[in-house]
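To start, the structure itself, in structure tokens.
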Amino acid sequence: MKVVIIGGVAVGATAATRIRRLDESAQIVLFERTGYVSYANCGLPYYVGGVIDDPDALTLQTPEALFKRFRIDARTRCEVVAINRAEKTVDVLNLTTGERFVESYDKLVLAPGAKPVLPPLAGVDLDEVFTLRTVEDALKIREFVESRKPASAILAGGGFISLELAENLRERGLDVTIVQRGDQLMTPFDAEIVPFIHATLRQHGVKLALGRSVAGFRAAEGAVDVLLEEGAPLRGELVALAIGVTPDSTLAKNAGLALGAKDAILVDDRMTTSDPDIYAGGDAVQVKHYVSGKEALVALAGPANKHGRIIADNICGKPSRYLGSQGSAILKLFDAAVACTGLSERAAKLAGYDVETVVISPSSHAGYYPGGKTMTIKIVFDRKSFALLGAQIFGYDGVDKRLDVLATAIRARMRADDLKDLDLAYAPPYSSAKDPVNMAGFVADNVARGVVKQWGMSELALLPRDGSVTLLDTRTPREYALGHVDGFVNIPVDELRERVREIEKGKPVYVMCQSGLRSYVACRILHGCGYDAYNFKGGYRLYAAIAKERALAKETSPCGADA
């Protein structure tokens, strides 16, 4: 059996080595058009920033190493330019010599990945304008930074790569501005998490130009003017485009293979294309979302590596299926971390779910052990079945492990209230006896049992201010004096039993505290006294973060970025 693989990196290199481990007699030929057959895409921003200093550290495998250990014929700087399905051959161009040749196959694997979105804007080809997708891209940006020593950078786009690059360039001392068409960065995240992302960037000196669309680029005395559709241009000595990626499916399209959304290659759960002898995986394919079951494009390294293994298994006669992508991801953001898995609240509603959420603000570890920091956890679940649909976390220490537990719970089809029963490791430096994941489960359980009724930011503006409801803040007088929501009266939770007669019966009571815990206790007191009480999700801490972000958005002039 002869297997030809188009593309290296996660899918191609994984498939090649797995095929060899399963079939010692297979002939395996891998073509990679760049100079690197297997490299760490996710490490590229950190090489630009100097955190990873040795470029060789980005290279996971070389053609020589692949041949020595696995007898894989890996050829870099070779681009497959056509697939001839009837003849079962591919046309190959050697980018170094210009030679063209034909290679036959029994099974073909497509691992072309995705390519950066490059809008047809004037000036996009200027020497100071970069994209970051390959090792060569990272080498060029770092060489530019070290030789030209730019003082400023403009990044177009607000996704993972852009924020990682922003952090690394900022750490190198550059003045950094992120331009984003929408009103928030990191679109996979909901309104309860985004303000903390924005605030962290601003605290570290990154400027945000939200609600701005890039219209083009213009050379300007050793720099580039980034032209905006709204307001004056922004000037930077380095510009990077990170406005998304699109499946690199030209080969598949020209070969007549079936395509899906955004021309992604259609595959079944065995990663087989519409041609039974051609497989495909990675960023170029359309998959099913594990939670919703709907079609999805998920450009992440974890799923891509799994695709490569599954492709190899099926080629070698060992049935293997891909169950779907969950979109689990985490981002280092200076000293903080933000992570997500499954569906956001917005995505869940679009998918047709009747959504309920829990938002809590626990400490990363036991409060009596020094160094604990507050994290914000949001879980998304179905109101009727309580099926866990998604989770998002912003925080510092311990974000990764909580997200991974929640991702595992989703994969196991657990209910949100099942989280309370998880038996998780505890020691004061690492967690609390009631882990934050357990706490999210306790709240979900209270919702399921009708022990607590919730309300959130989306309902705040809808609350009547005509006296028909009572608005209650249960924090201390000092906390209340430092800031509170207009219209809320202050009765500290520890005084509530003695002062409950100050609250008129027969009216719903909407209760708030700093994090949601004291207001929950207050709701139980009020319930026991015959009141209909509702607890605010996330507490005043969350309200203040969202309100501050909204105020900044209103104050920011369209003529320039905010400070």
Side-chain angles (χ1 to χ4, degrees), residues 45 114-133 137 141 144 150-167 169-170 174-191 194-195 197-202 204-247 261-263 297 299 344 346-347 350 546 548-563:
K115 54 189 176 183
V117 173
L118 283 175
L121 299 174
V124 74
D125 56 349
L126 290 171
D127 291 341
E128 296 85 2
V129 179
F130 299 89
T131 58
L132 181 57
R133 186 68 183 172
D137 294 336
I141 298 175
F144 183 91
S152 58
I154 309 294
L155 310 183
F160 283 88
I161 293 296
S162 183
L163 268 62
E164 288 172 342
L165 191 54
E167 174 186 345
L169 291 174
R170 188 77 189 107
L174 277 72
D175 183 85
V176 177
T177 300
I178 299 175
V179 181
Q180 170 76 342
R181 175 176 293 179
D183 60 1
Q184 73 165 71
L185 306 176
M186 302 294 285
T187 53
F189 289 87
D190 287 326
V194 169
I197 298 173
H198 290 184
T200 300
L201 288 164
R202 291 189 177 103
H204 288 85
V206 177
K207 300 173 184 176
L208 307 183
L210 304 177
R212 319 292 168 79
S213 303
V214 175
F217 309 94
R218 181 177 62 209
E221 301 175 359
V224 175
D225 281 339
V226 179
L227 309 178
L228 304 177
E229 292 180 5
E230 310 86 358
L234 298 172
R235 180 165 294 185
E237 295 173 36
L238 181 156
V239 174
L241 299 182
I243 55 179
V245 295
T246 186
K262 295 185 178 180
D263 277 352
L297 303 179
S344 66
R346 180 172 57 252
L350 288 173
I546 295 175
K548 182 178 180 180
E549 182 59 35
R550 289 177 178 174
L552 279 171
K554 289 180 181 179
E555 292 171 6
T556 301
S557 165
C559 297
D562 62 279

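Note that the structure is a prediction, hence the values are computed from the model and not measured. Heads up: numbering here begins at 1 and tracks the sequence. Computation of the quantities below employed the complete heavy-atom set of this structure, encompassing side-chain atoms and omitting hydrogens, waters and symmetry-equivalent molecules.
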* Asked: In Å and rounded to the nearest 0.5 Å, what is the CG to CD1 distance from Leu210 to Ile178?
  -> 8.5 Å

* **Gap separating the CG atom of Leu241 from the CG atom of Leu132, nearest 0.5 angstrom** => 11.0 Å

* **Gap separating the CD1 atom of Ile141 from the CG atom of Leu169, nearest 0.5 angstrom** => 7.5 Å

* Pairwise distance CG(Leu174) to OG(Ser152) - rounded to 0.5 angstrom -> 7.0 Å

* **Minimum-distance pair of heavy atoms, taken over all atoms of Asp175 and Lys207** => OD1-NZ, 3.5 Å

* Greater than 12 external heavy atoms within 6.0 Å of Asp125's CG -> yes

* Full working for side-chain contact (heavy atoms from CB on, under 4.5 Å) between Val224 and Ile154 -> CA-CA 9 Å; Val224 175; Ile154 309 294; over 6 Å; no

* For atom CZ of Arg181, decide whether the heavy atoms of other residues, nucleotides or ligands shown that lie under 6.0 angstrom number more than 12. => no

* Do side-chain atoms of Ser162 reach the backbone of Gly157 as a donor and acceptor pair under 3.5 angstrom? -> yes

* Indicate yes or no: at least one non-hydrogen side-chain atom of Glu167 is less than 4.5 angstrom from one of Leu163. => no

* For Leu201 and Leu185, what are the C-alpha separation, side-chain angles and deciding distance, and is it a side-chain contact (heavy atoms from CB on, under 4.5 Å)? -> CA-CA 10 Å; Leu201 288 164; Leu185 306 176; 3.3 Å; yes

* To do: Quick one: do Val226 and Phe217 satisfy side-chain contact (heavy atoms from CB on, under 4.5 Å)? Show the steps, please.
  => CA-CA 5 Å; Val226 179; Phe217 309 94; 4.1 Å; yes

* Heavy-atom donor-acceptor pair, Glu221 side chain to Ala223 backbone, under 3.5 Å -> no

* **Heavy-atom pair of closest approach, residues Gln180 and Gly158** => OE1-N, 3.0 Å

* **Shortest non-hydrogen separation from His198 to Glu549 and the atoms involved** => ND1-OE2, 2.8 Å

* Short question: side chain of Glu237, backbone of Ala151 - any donor-acceptor pair under 3.5 Å? -> yes

* To do: Indicate yes or no: at least one non-hydrogen side-chain atom of Asp190 is less than 4.5 angstrom from one of Ser344.
  => yes

* Apply the test side-chain contact (heavy atoms from CB on, under 4.5 Å) to residues Arg133 and Val245: give CA-CA distance (whole Å), side-chain angles for both, the deciding distance (0.1 Å), then the verdict. => CA-CA 9 Å; Arg133 186 68 183 172; Val245 295; 3.7 Å; yes

* **Inter-residue atom distance Arg235.CZ - Arg218.CZ, 0.5 Å rounding** => 7.5 Å

* To do: Mark yes or no for whether Glu230, through its side chain, and Ser213, through its backbone, hold a donor-acceptor pair below 3.5 Å.
  => yes

* Asked: Just how far is it from atom CG of Leu126 to atom CG of Leu121, taken to the nearest 0.5 Å?
  -> 11.5 Å

* For Ala156 and Ile243, which heavy atoms make the closest approach, and how far apart are they? -> O-CG2, 3.2 Å

* To do: Determine the interplanar angle of the Phe144 and Phe130 rings, folded into 0 to 90°, and report it as parallel if under 30°, tilted if 30 to 60°, perpendicular if over 60°.
  => perpendicular

* **Residue pair Ala215 / Glu229: nearest heavy atoms and the distance that separates them** => CB-CG, 3.7 Å

* Find out whether Arg212 and Leu234 are in side-chain contact, i.e. whether some heavy atom of one side chain is under 4.5 Å from a heavy atom of the other. => no

* **Shortest non-hydrogen contact between Pro247 and Asp263, atoms and distance** => CB-O, 4.3 Å

